[in-house]
Protein chains: 4
Amino acid sequence: MAKQPDPSRRSERSRQAVLAAARELVTEVGYAKLSIEAIAARAGVGKQTIYRWWRSKGAVVFDAVLTLSEGDDGMALPDTGDIEADLKTVMRATVAEFADPGFEAPIRALNTEILQDPELAALYREKVADPVDEAKKARLRSAQQAGQIAADADLDLALELLYAPLYQRWLLRSGPLTADYADALVELALKALRPA
Amino acid sequence: MAKQPDPSRRSERSRQAVLAAARELVTEVGYAKLSIEAIAARAGVGKQTIYRWWRSKGAVVFDAVLTLSEGDDGMALPDTGDIEADLKTVMRATVAEFADPGFEAPIRALNTEILQDPELAALYREKVADPVDEAKKARLRSAQQAGQIAADADLDLALELLYAPLYQRWLLRSGPLTADYADALVELALKALRPA
Amino acid sequence: MAKQPDPSRRSERSRQAVLAAARELVTEVGYAKLSIEAIAARAGVGKQTIYRWWRSKGAVVFDAVLTLSEGDDGMALPDTGDIEADLKTVMRATVAEFADPGFEAPIRALNTEILQDPELAALYREKVADPVDEAKKARLRSAQQAGQIAADADLDLALELLYAPLYQRWLLRSGPLTADYADALVELALKALRPA
Amino acid sequence: MAKQPDPSRRSERSRQAVLAAARELVTEVGYAKLSIEAIAARAGVGKQTIYRWWRSKGAVVFDAVLTLSEGDDGMALPDTGDIEADLKTVMRATVAEFADPGFEAPIRALNTEILQDPELAALYREKVADPVDEAKKARLRSAQQAGQIAADADLDLALELLYAPLYQRWLLRSGPLTADYADALVELALKALRPA
DNA sequence: TTCTAAGCGAGACGGTACGTCCAGTCTTAAA
DNA sequence: TTTAAGACTGGACGTACCGTCTCGCTTAGAA
């Protein structure tokens, strides 16, 4: 059986250096041309240290991207009482984030990796997607109680209706990503969700 | 200046062999572990023959996947006069396709490549996405004329509302892809699109 | 200045374990594939303990081999009064030693190391070769006094004439190493050494 | 079964560059610190090109050293009619060669490798040692016919008596290697070989 | 019909990166 | 303070592919 490393002896300095190097290099050269060797060199770390703590290039990038959004964990969506206004706020913010190459490149890399690696995808859902989705559904539930959304709406499907078009447009670059687009999307999707 | 190969002398036999090998190997080992060398070996073809006619691994897979859907080109969506029924038919068919690993693997590979390569993405939109979208929009327009969809609806956005949730669920494996799901999605999205 | 370890606090148990492990591993995997790490693991010893007390892999093997021949130190050659018979006895014994893989492998390893490392070679001559040669020369001197060897013979050269052919044959595996060979060699070399 | 490379397509330029680099590096850094990677870099050659044509570092050095002595193949020893004078000529030349670091380092490396690798040792005997020994024995035979060496002398043993002391002294650096030493060795060994 | 120029299968080439092993140093906890 | 344990940086290993570059060998038209 393979020997397991002892996490209590892990060098925090090395961990940080690797994640920082990964983030920088993804932005600089793109995910496809990213190499473990380059990360190690940039981080001033032996390759073995990377292989000891991460099982693949994808796993490193995954962790690197997670540290970007650390602190967002306990995030709650705005709740002004107006679901439409609140959703527009959130969607416009998302659009803005995607416009920043410093965020865009690593997140695109993460998505590429998730597409090909179901195990990583599951981890992503567990650590990132599910908590965020839960927060979003909490806001929708609040809107249901306020009578702004149909009481019998399937909130998972509602979430997809609201967010999937934006995600797809970004991922496939199939159209402009603007604040106007965010607004139009929210307005249209809400039509489907309002009480009869 | 670089010499251009003469397409009239191209070996059709080699072309077919390469595309078939690419399709098989994508299914067998996945896109990430796919190598030009392996494709050449499997196809019984020199590496140079691949490099002569395709500019990258992505381009080969791109072509390989296109040949899968060849013949769908002039495809028109069913038009029974009932937009809801017709959309459900189409969406259920899409769900079924994604369940077949022989289709799923190459198409996923294609999406991975498109994510990282804007040039390939543009080609994909031009050759595949746009024609298909145009056919779908034609059906929606017909529904508008029949008064089943609001006359002022933005058809591009409508398309996204209908298809993006399905696409996202498949790509991220974020939920089950069933006929019921297709139906529910169509019903919900249409609520947003019907005349006021 | 580098800190010197205090030999009085050295663990004899660790020292023995390291030397034993080195001897075993040289025999099992050969000198070239021998690693400090493997010696430490086999000996149940930290790597640092080895680096603290030996300056190189060669030095460990050197010590390991020395312990093999410990006790031979004050060795005197047999002196029956018949130089030819006595030399044959000694040479046949040497031949027999070389046939035992438990001796052969470490000694070959030692020779390999000595070839490349003049410092180790000097240490070897001082600790091992010179005392042994002195004992041999003592026996030759006794033969000179008995008139069996020319009074003006150069004993260093005489030693080489007697032993180098055997050594070379073993080292290069350039011919069979048998008791007969030992006898023939002694007889021939003695022809050169007898009084005129 | 492993694929065999086709020697007819081998690049002579690469072969020469690798051997030259190996020779240079052995002299510069020594055999122990010699790395395939460094040879490849110095030769401006891919590592695979080395691994394709040689099975180990030792094999490269072996070939590199062989090219040093290429042309000596059909070498015949001098035959002036005086075996003592001729042997002294040859032995003094050998001593001189060993004094040249450009020869000494690679040849020492070769010997180190041969010690550890019986397969290489066999190849060495076949390609180098045996032909040379045959030439030497031819000269000894000629001396036998001239009555300068006993008719019943074992020429293999005679060769060892003459050359092994020199070889051992060089290999173990156990004494000075001078023209005087060569002369003394020849004189002493010949005493054992002359007719009774 | 022969010539010639292209594409072809094959595979060697200079390289980059892989994932592994080990060297030699450093840190921790136990004795 | 020494020790066993083992994480660390770093360098080399031997392998897999990259994309380029010859090789001979078909296989067309053009001469």
Side-chain angles (χ1 to χ4, degrees), chain A residues 3-11 13-14 17 33-41 43-53 55-57, chain B residues 3-11 13-15 17 33-41 43-53 55-57, chain C residues 3 5-11 13-14 17 33-41 43-53 55-57, chain D residues 3-11 13-14 17 33-41 43-53 55-57:
Chain A
K3 216 186 311 179
Q4 299 303 325
D6 174 355
S8 76
R9 312 197 54 186
R10 183 169 187 179
S11 159
R13 144 186 273 277
S14 294
K33 295 195 178 173
L34 182 64
S35 75
I36 298 261
E37 211 133 293
I39 296 174
V45 139
K47 279 201 288 177
Q48 199 60 52
T49 298
I50 298 185
Y51 286 109
R52 183 150 38 228
W53 302 113
R55 63 177 188 71
S56 70
K57 184 176 77 167
Chain B
K3 214 186 314 181
Q4 298 302 325
D6 174 355
S8 76
R9 314 199 60 178
R10 181 170 188 180
S11 159
R13 145 185 270 277
S14 294
R15 189 180 148 268
K33 295 195 177 174
L34 182 64
S35 75
I36 298 265
E37 212 133 312
I39 295 174
V45 138
K47 280 199 291 174
Q48 198 56 242
T49 299
I50 298 185
Y51 285 110
R52 189 161 20 237
W53 302 112
R55 65 174 188 73
S56 70
K57 182 175 78 166
Chain C
K3 212 188 312 180
D6 175 354
S8 74
R9 313 203 56 178
R10 180 170 189 181
S11 157
R13 144 187 269 277
S14 293
K33 295 195 176 173
L34 184 63
S35 74
I36 298 264
E37 212 137 52
I39 295 174
V45 139
K47 282 201 289 175
Q48 199 54 241
T49 301
I50 298 184
Y51 285 109
R52 187 154 29 232
W53 302 111
R55 66 173 188 73
S56 71
K57 182 175 81 166
Chain D
K3 215 186 312 181
Q4 299 301 325
D6 175 354
S8 77
R9 313 197 51 185
R10 182 168 188 181
S11 159
R13 143 186 277 275
S14 294
K33 295 195 177 174
L34 182 62
S35 73
I36 298 261
E37 210 133 293
I39 296 174
V45 139
K47 278 201 289 176
Q48 199 60 52
T49 298
I50 298 184
Y51 286 110
R52 184 150 38 229
W53 302 112
R55 64 177 188 69
S56 69
K57 182 175 80 167

Legend entry - Along DNA chain F (nearest heavy atom to each residue), the more 5'-positioned of A:R13 and C:R13: C:R13
Inset, instruction - Specify the closest pair of heavy atoms between A:I39 and A:L34, including all atoms of both residues, with the distance to one decimal. - result: CG1-CD1, 3.9 Å
Legend entry - Interatomic distance, B:W53 CH2 vs F:dG19 P [rounded to whole Å]: 18 Å
Legend entry - DNA chain E: 5'-proximal contact among D:D6 and B:D6 (nearest heavy atom): B:D6
Legend entry - OP1 or OP2 of F:dA4 under 4.0 Å from side-chain N/O of C:T49: yes
Inset, instruction - Tell me which of C:R55 and A:R9 sits closer to the 5' end of DNA chain E, going by the nucleotide each one is nearest to. - result: C:R55
Legend entry - Heavy-atom donor-acceptor pair, C:R52 side-chain to F:dT2 base, under 3.5 Å: no
Inset, instruction - Tell me, yes or no, whether the heavy-atom count around C:R13 atom CZ, taken from other residues, nucleotides or ligands under 6.0 Å, exceeds 12. - result: no
Detail all sub-3.5 Å separations between protein N/O atoms and N/O atoms belonging to nucleotides 20-22 of chain E.
from: E:dC21; atom 1: N4; to: A:Q48; atom 2: OE1; distance (Å): 3.4

Inset, instruction - Spell out yes or no: do the side chain of C:R10 and the base of F:dT2 have one donor N/O and one acceptor N/O closer than 3.5 Å? - result: no
Legend entry - Within-4.5 Å side-chain heavy-atom neighbours: B:R15 and B:W53: no
Inset, instruction - Look at atom CZ of D:R10 and say whether more than 12 heavy atoms of other residues, nucleotides or ligands are closer to it than 6.0 Å. - result: yes
Inset, instruction - Could you state the atom-to-atom distance from CD1 of C:I50 to P of F:dG6 in whole Å? - result: 15 Å
Inset, instruction - Would you check if B:T49 and B:R52 make a side-chain contact, meaning some heavy-atom pair closer than 4.5 Å? - result: yes
Inset, instruction - Using a heavy-atom cut-off of under 4.0 Å over every strand shown, decide if D:S14 touches base, sugar-phosphate, or nothing. - result: sugar-phosphate
Inset, instruction - Mind checking salt bridge (Lys or Arg N to Asp or Glu O under 4.0 Å) for D:K57 and listing every partner two or more places apart, or none if nothing turns up? - result: none
Inset, instruction - Between A:P7 and A:A40, name the one whose nearest nucleotide on DNA chain F is closer to the 5' end. - result: A:P7
